[in-house]
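Note that the structure is predicted; figures quoted are calculated from it, not measured. Labels below follow one simple rule: chain letters A, B, ... track the order of the sequence lines, proteins then strands, and each chain is numbered from 1.
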Amino acid sequence: MQLVLGLTGLPGAEIALVKTILRLSTSLTANWAVAAGEACDVLLRGETGEQWPDPAAVVVMVVPRGQPGSGLVLHRPIRAEELIDLLNAESARRAASETSAPPVSIVSASHSLGGQARLRRWPPFALLQGRPNHMRLATLLSKQALSASRLSAVAVRPLAECEAFLRELDAHNLLVWQPGAAGAPASRSPAADHAQPRRGLLHTLREKLGIARGRA
Amino acid sequence: MKEYKILFSGTAGAGKTTAIAAISETQVVSTDVVNTDEGLKKATTTVGLDYGSITLDGGDRIRLFGTPGQGRFDFMWPILAKDALGLVILIDNSRPDPLADLDVYLDGFAAELERMPCVVGVGRHETHPEPGIDAFGDRLYVRGLVLPVLPADVRQRSDVLMLIDVLLSQVEAGMAEDGS
């Protein structure tokens, strides 16, 4: 599907950022081209932007983060995942309307802490700064989907801490949730048998460098 | 005795040699020559690779390799990355386009990054705060990668140890994925 994104009333740096995101993203579900004074399917409009003539365009106001807006809004500083989510939602809506199929739900199944989640992107630094344990939890979640209980077991951190961190990440829309048996231990794979010597290596290296972890 | 490898990569001047020296038990062996690149504000630059090592109790050894920073040596990167425990990409935030620099290394190590742990350390962030740390996370996201990104002054041993700590956590996370 080929769709057109219009930009108006945005500073040059934001225009360049949007174009870079469109050029590099591997997560967009449609092909998006940036319009230049033409009809468009979605219009990103800054405060000083003018409404383009095409009445069919979906207008998204770009406003400072924390400022409410009526209708569709995209907050600045523009975050790649928010822009991609917005464009994917629009392309899904159009695809559903074209096929007359029931609207496709793009919200994943379980947002309860009983499900399993993994990071969709590395968290903003403000969520991790000064909290080395959260750095480790985020690193684990970057590699695989984990429930709160499984995360607690693997990271050897209190369950309450892991639950709170998952809630914090979820509140910032940083997680991809998967339905699954919460807390069910992963079946042991042959690779696990080879992991023990490496786990010993990591422990020894950490001790050598003085970064050994204490157990909770 | 077993030998393992950790790789440091990044642009010339990003601090690869300094980072290795911060944790190596042996004096870092560098293949430096006088810098003739006017755009690079250093007296010397690495044209081969840096090498340091850590010997563990029991005799196992961790070899620390720093790749040459210039793009003309990028043929060495996958050779050096083979069988590495992990990769540290160091970015100099004072350069004209640090995000484009990151792209160079993400492209150069694309095959390796499908399986190899990696952490991105952004240097000179205090004096050059733009692009922000989160911009690197954004760039990784649009490229389909979820990798740790953190500020790091490799002149501080504690910051280098933090990068290694996060890298080792990635190794451990991969082991947890295997069900161990």
Side-chain angles (χ1 to χ4, degrees), chain A residues 17 20-28 77-81 84 118-126 128-129 132 135-144 146 150 153-155 185-202 204-211 213, chain B residues 2 4 6 22-23 25 54-58 60-62 85 99-100 103 106 117-120 122 125 130-151 157-158 160-180:
Chain A
L17 173 62
T20 299
I21 292 171
L22 296 186
R23 179 169 56 87
L24 293 181
S25 174
T26 59
S27 303
L28 287 167
I78 293 175
R79 297 216 185 279
E81 68 270 22
I84 290 169
R118 69 181 295 167
L119 281 174
R120 60 207 296 259
R121 60 151 288 160
W122 189 252
F125 188 61
L128 304 176
Q129 188 173 17
M135 185 81 72
R136 184 169 188 234
L137 296 179
T139 300
L140 289 170
L141 292 169
S142 72
K143 295 288 288 183
Q144 59 175 316
L146 293 168
R150 181 71 179 143
V154 173
S187 58
R188 193 173 179 86
S189 72
D193 296 328
H194 300 287
Q196 288 306 317
R198 181 157 285 198
R199 192 176 292 280
L201 161 71
L202 299 181
T204 304
L205 178 56
R206 284 186 182 284
E207 290 221 325
K208 184 76 175 189
L209 293 174
I211 53 176
R213 297 192 184 281
Chain B
K2 295 180 181 176
Y4 304 89
I6 294 176
I23 58 174
E25 289 181 320
I54 302 170
T55 301
L56 305 178
D57 296 342
D60 292 347
R61 183 178 300 169
I62 307 292
L85 269 181
L99 292 174
D103 282 337
L106 297 180
C118 175
V119 59
V120 178
V122 181
H125 188 254
E130 294 297 329
I133 294 296
D134 294 345
F136 292 91
D138 285 347
R139 182 59 63 94
L140 290 166
Y141 174 78
V142 297
R143 296 195 54 146
L145 294 169
V146 184
L147 298 176
V149 184
L150 48 161
R157 186 170 187 267
S158 58
V160 179
L161 290 177
M162 179 175 59
L163 291 173
I164 299 298
D165 188 7
V166 173
L167 188 68
L168 296 182
S169 294
Q170 283 224 302
V171 178
E172 290 163 344
M175 290 160 51
E177 191 174 18
D178 293 337
S180 61

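- Put simply, the side chain of A/Trp122 reaches to within 4.5 Å of the side chain of A/Leu128, judged on heavy atoms.
- The backbone N or O of B/Ile54 sits nowhere less than 3.5 Å from a side-chain atom of B/Glu25 that would complete a donor-acceptor pair.
- Legend: residues meeting side-chain hydrogen bond (donor to acceptor under 3.5 Å, both in side chains) with B/Arg143, ordered by chain and number and at least two apart, are B/Asp103, B/Asp107.
- With chain A as the partner, the residue from B/Leu145, B/Leu140, B/Leu99, B/Thr55 showing the most heavy-atom pairs under 4.5 Å is B/Thr55.
- When each of A/Leu205, A/Ile21, A/Leu141 is scored by its heavy-atom pairs under 4.5 Å with chain B, the top score falls to A/Leu205.
- Between chain B and the options A/Lys208, A/Glu207, A/Met135, the largest number of non-hydrogen pairs under 4.5 Å is found for A/Lys208.
- Under the side-chain hydrogen bond (donor to acceptor under 3.5 Å, both in side chains) criterion, A/Arg79 pairs with no residue at all, not counting sequence neighbours.
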Audit row: B/Asp138, A/Glu81, side-chain contact (heavy atoms from CB on, under 4.5 Å) steps and yes/no:
CA-CA 8 Å; B/Asp138 285 347; A/Glu81 68 270 22; 3.8 Å; yes
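- With a 4.5 angstrom heavy-atom cutoff, A/Arg23 does not touch chain B via any of its atoms.
- Ranked by heavy-atom pairs shorter than 4.5 Å toward chain B, the options A/Thr26, A/Thr20, A/Leu17, A/Leu119 are led by A/Thr26.
- Counting heavy-atom pairs under 4.5 Å between each of B/Leu161, B/Ile133, B/Ile164 and chain A puts B/Leu161 at the top.
- Residue A/Ile78 touches chain B through its backbone alone, counting heavy-atom pairs closer than 4.5 Å.
- Smallest separation of non-hydrogen atoms from A/Arg118 and A/Ser142: NH2-O, 3.2 Å.
- Per-residue counts of heavy-atom pairs under 4.5 Å with chain A were compared for B/Leu147, B/Asp57, B/Val119; the largest is that of B/Leu147.
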